[in-house]
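Order of the sequence lines fixes the chain letters, A, B, ..., with proteins taken first and strands second; residue numbering starts at 1 for each chain.
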Amino acid sequence: MTETITLSDAKVIIENQIEELARRNREPEWMTRIRYKALEAFEKAPLNDLVISEEELLHFIAKPEIEGIPENIESLDDLPPEMKALLDRLGINEVEQKYIAGLAVQTDTGVIYNEFLKEWEKKGLMVLPTEEAVRKYPDIVKQHFLKLFRADENKLTAYHTAVWNGGIFLYVKEGLKVPFPLHLFFLIQESALAQAPHIIMIAEKNTEFHLIEGCTAPILVKHSLHLDMTEAYLHDGAKVQLTVLQNWPEYVHTRPMTRAKIGKGARFINTTVGLGTGRSNIANPKYWVDENGYVELNGIILGQKDWFVDLGGEMYLQGERAAGINASKAVIMDESTVITRGVIRAEAPKTKGHISCDALLMSDRAVMETYPGLVSKVDDAELSHEAAIGKIRDEELFYLMSRGLDEEKATQLIVKGFLEPMLRDIPMEFLVEIRKIIELAVSGGM
Amino acid sequence: MLKVENLHVSVEGKPILKGLTLAVNSGEFHVIMGPNGSGKSTLALTIAGHPKYSVEGGRILFDDEDITALGPHERARRGIMLAFQHPPEVEGVRIIEFLQQVLVETKGVDPVEAYDMIIKKAEELWFKEEDLHRHLNVGFSGGERKRLEILQALLIEPKLLILDEPDSGVDVDSLSVISRKIEELHQRGTAVLLITHYGRILGHLDREKLRAHVMKDGRIVKTGSGELVDRIENEGFGRIFEEVEG
Ligand SMILES: Nc1ncnc2c1ncn2[C@@H]1O[C@H](COP(=O)(O)OP(=O)(O)OP(=O)(O)O)[C@@H](O)[C@H]1O
Ligand SMILES: [Mg+2]
């Protein structure tokens, strides 16, 4: 880092960005005002980041792009072959492939849908870029934008709010049950567009759907700090699964911010698969669960190289008989550090919570820390936790090898077996890729 | 085929095998007996290449190649298989997937074909398809583990099968299945090195055709025909040790 960027330099830069975004998105004034308020908050808000210093943050703001990253992607033809092959398989060009029905790809210029999604739009499934939703459905967006976060919580929430762009707005009409998983890919490269997407999910009463965000191919971005924010609203009886697949390149620091409100009798299963976690990945999603509601946070973490992963998760069990599970499985290689710190707060009678953390340490230099937090404000909550940090035992490795598998293959089998229970809800098309990535990671780490 | 020459082995610094010599030719059936702790499993695990058992002296030859420094998988690929006395649990690894991969990689069998082969052989050892979707040895009883070892032997069809107490902890009916399957493999040409405390596993095998060895304190102290097995079973080791020492 050569030149010093001051807070007021950063403010000027952000201000310009806001103006640019407002113009480009033909943004209504109320949204631009939200951005400016966030900019004000940015100045005073604390940073609270374990990895990024204020100096670095200001630097990211002044110079978000990394040098030496591949050229812009103008069309799907410019994609790296492996990613294109994946998309081909998933049916972006072959809308006839019915088994992978709902697919939307967000590019620099908008969202590309397949025919299937267009059909479902008529039934009440809306998927559109958030900035378009701001123009088209201002009332709904106003009710849901930044209602689970406050811009002034810290510098990152403030910065996100000031410069958010891209992301999708997903709305599912009351009672609609979508029988196929919806796939959403982000293929955005221009940093100003890609860095801080804002995702809003609204599941009206008694809806059901499964959204799969991201893909197993490496995410192509040019920036080095990624700040996405997801706000999910599950109304009574909604059943939603959100599976996030991430394969960040190693120069990105990611700070995914996810929060969800889970209504009476609603169920939210939130699975994150961190295949490539990036230089550092810090997340502390929060969930508020009403009566008889249920939330599950499943984290799969592959720690590699010198990466730093800190996965939290706070669950507020606010309604009677609300329940929450925070389960993570981490494979920790090389010199990486993985920390898990789930917190479950029982605030209503007969609530139940469980935290489990399993880690497989693959190297003597890898570090695992786990801090389960159970807080009960009532006397009849059932809260529990378990943690197991282990290594592959010589005995099991020898046993597999004694049947003719080399050390790498034997290790891969054990690692895949360790992660398998967490991958149960992931469609087959991804599983094949995920297994391959795990295999590669394991052999690279040996 | 297998030549163990003046083998000295220690575990965690403690000498266990102290100059053991043994030769098994192709098609032969050898039995090793010896008191608890005499080093039988150590010998078996050392031949299979367990990294914890360090060879301090001597060497192991297989088909005239010195395999003393080879890894366990390399020995397996040359045709050696050990059926463990205590098969370990391997959490997360499904039997069927594991065996499929073994057959695909070591024998070049097509995966679908491998699957069918495994299911079919498993039936002969009383395993149902759903059992094979369980994790390796996890929650399996002692006797089930022994049957699973034999299933693997049937699928792998090694040149040399080392069986470390395939009969311990096994009920009467399982014992007869295991005994028959070992005989079947032997008849198809597998050389066998069987470690046991009892003669029953040998079933109807012609005692004259067996080679029996008695181990004591890390060495083979007596070798003879299969009659030796029955003698030990009747008399215990005491008399034999007196004879060899006397
Ligand atoms: N990993 C180990 N660490 C320490 N000592 C060991 C280890 N493995 C074997 N030994 C010791 O080596 C000696 C021989 O053990 P081994 O298992 O080879 O005996 P065995 O003849 O197979 O006995 P059994 O009939 O009870 O199976 C024993 O004294 C045992 O305690
Ligand atoms: Mg033994």
Query - Top of B/Arg77, B/Lys52, B/Arg75, B/His135 for chain A proximity - count of heavy-atom pairs under 4.5 angstrom - result: B/Arg77
Report task. Decide if atom CG of B/Asp66 counts as having more than 12 heavy atoms of other residues, nucleotides or ligands within a radius under 6.0 Å. Result -> yes
Report summary line: The reported gap from NE2 in B/His73 to CG in A/Leu405 (rounded to nearest 0.5 angstrom) is 9.5 Å
Query raised in the report: Going by the angle between their ring planes, with limits at 30° and 60°, are A/Tyr399 and B/Phe84 parallel, tilted or perpendicular?
Result: perpendicular
Query raised in the report: Are the charged groups of A/Lys416 and B/Glu97 less than 4.0 angstrom apart, N to O?
Result: no
Query raised in the report: Sub-3.5 Å donor-acceptor pair from the side chain of A/Arg393 to the main-chain atoms of B/Pro88, do we have one?
Result: no
Query raised in the report: Got more than 12 heavy atoms from elsewhere within 6.0 Å of NZ, B/Lys18?
Result: yes
Report summary line: Rounded to the nearest 0.5 Å, the CD1 atom of A/Ile392 sits from the CD atom of B/Glu91 at a distance of 13.0 Å
**Report entry** Side chains of A/Lys409 and B/Gln101 in contact at under 4.5 Å (non-hydrogen atoms)
**Finding:** yes
Query raised in the report: When you check the gap from the basic side-chain N to the acidic O, do B/Glu105 and A/Arg403 get nearer than 4.0 Å?
Result: no
Report task. Determine whether the side chains of A/Glu395 and B/His86 contain a donor N or O and an acceptor N or O closer than 3.5 Å. Result -> no
**Report entry** Part of B/Leu136 lying under 4.5 Å from any heavy atom of chain A
**Finding:** side chain
Query - Minimum heavy-atom distance between B/Ala76 and A/Met401, given as atom pair plus value - result: CB-O, 4.2 Å
Report task. Identify which part of B/Arg78 has an atom lying under 4.5 Å from any heavy atom of chain A, answering side chain, backbone, both or neither. Result -> neither
Requested in this report: Supply the atom-to-atom distance A/Ser402 OG to B/His50 NE2, rounded to the nearest 0.5 angstrom.
Outcome: 9.5 Å
Report summary line: Heavy-atom closest pair (B/Pro51 atom, A/Phe398 atom, distance to 0.1 Å) is CD-CD1, 4.0 Å
Query raised in the report: Is atom CG of B/Asp64 surrounded by more than 12 heavy atoms (other residues, nucleotides or ligands) closer than 6.0 Å?
Result: no
Report task. Using non-hydrogen atoms and a 4.5 Å limit, figure out which bit of A/Leu400 sits close to chain B: side chain, backbone, both or neither. Result -> both
